[in-house]
Amino acid sequence: MTGWISTVSIFRDTLFSGKVALITGGATGIGRGIAEALARHGADLALLSRKADNLASTAAEIEATTGRRCLALPADVRNPEAVDSAVARTITELGRLDLLVNNAAGNFPCASEDLSPNGFGAVIDIDAKGTWHASRSVFRGWMKEHGGQILNISATLHYGGTPGQLHVAAAKAAVDAMTRTLAVEWGPLGVRVNAIAPGPIGDTEGARRLFPGPLADRLRALIPTRRLGSIDDIVNLALFVLSEAASNLNGTILVSDGGLCLAGRFPLEPESRPGV
Ligand code: COA
């Protein structure tokens, strides 16, 4: 559960009424936060995740707390046929598909020389190919005819060289490239494609993997705002980008990192990092 539940939204509660959103990786973390917030602002949801247990409980909780519909669609974004089926089911059961949030991602720290081809491929397949599979499917299935919006969750770790993140940097660079290319190709058909690039977000699985324990404190000291980001920071930005208030944004990658990537090195020294 995110802090969203206990805070008062600055957005009107009908902001996404009548809309349907599909969120990949929507069972946990940032994806769950965005899903829950969209439902609290009127959208019906389809959540896609390969972890069926988490997915069912998250969908049930969102339905109970928001009163909106929330489909649980177990699928792996690496499998284009499974993604196509999930998209088709969303449109059949919820009647439309206005918003896609490509949030599913995989990560582990690993020195490049130790990274196996399969490990590199797993992250490329989830982050980069998964983003393409879902984007392609919603465009062909709905947005080409009806317009819509795609929001990709990217990262900042490929802006410089981040030790132990070769696979993720390559994958997120591909996500950024797709964001820009699809914005230009699909913009004329009423499809806006944007991305959010979170810096270190404290309350996520990624943070627990990448900067456990004292590393989080050392990282915080490097951030100009002296705080790690939160899921709610990304949730609020996502609501703005997906709303009509951002209707002139297309192909934009919005960095939310407290100014870290402007300020110096991220992440910490390779020798202090697990697996690197
Ligand atoms: N260090 C080095 N290699 C690793 C690794 C690690 N910590 N974790 C996985 N790999 C490698 C595996 O060894 C395997 O390669 P191999 O066949 O050459 O041995 C390859 O990655 C695939 O691993 P596997 O566990 O079979 O893949 P998966 O599809 O089940 O897992 C991952 C996907 C790899 C992304 C996994 O880290 C994961 O499930 N993460 C959970 C989600 C997550 O990362 N959330 C945070 C998002 S920011």
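Ligands are counted one by one from 1 in listed order, and the atoms in each one are counted from 1 as well. Numbering of residues begins at 1 and proceeds along the displayed sequence.
One distance of note links CG of L38 with NZ of K19; it measures 11.5 Å at 0.5 Å rounding.
Using modelled atom types and a 3.5 Å distance limit, the side chains of Q165 and N107 yield a donor-acceptor pair. In this model, a donor atom of one side chain and an acceptor atom of the other lie less than 3.5 Å apart for S230 and D233. Side chains of N54 and T28: a donor-acceptor N/O pair is absent below 3.5 angstrom, by distance only.
Test I201, L260, L219 against L228 for side chain to side chain contact (heavy atoms under 4.5 Å, CB included) and you get one pass: L219. Just one of V175, D127, T131, I34 meets the side chain to side chain contact (heavy atoms under 4.5 Å, CB included) condition when paired with I153; it is I34.
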Kindly print each ligand 1 N/O atom paired with any protein N/O atom under 3.5 angstrom away, one pair per line, or none if nothing qualifies.
residue  : atom   : partner : partner atom : Å
ligand 1 : 15 (O) : S116    : OG           : 3.2
ligand 1 : 17 (O) : N118    : ND2          : 2.7
ligand 1 : 18 (O) : S116    : OG           : 2.6
ligand 1 : 29 (O) : R78     : NH1          : 2.8
ligand 1 : 29 (O) : R78     : NH2          : 2.9
ligand 1 : 37 (O) : R209    : NH1          : 3.3
ligand 1 : 39 (O) : R50     : NH2          : 2.8
ligand 1 : 40 (N) : R209    : NH2          : 3.3
ligand 1 : 44 (O) : N107    : N            : 2.8
ligand 1 : 44 (O) : N107    : O            : 3.1

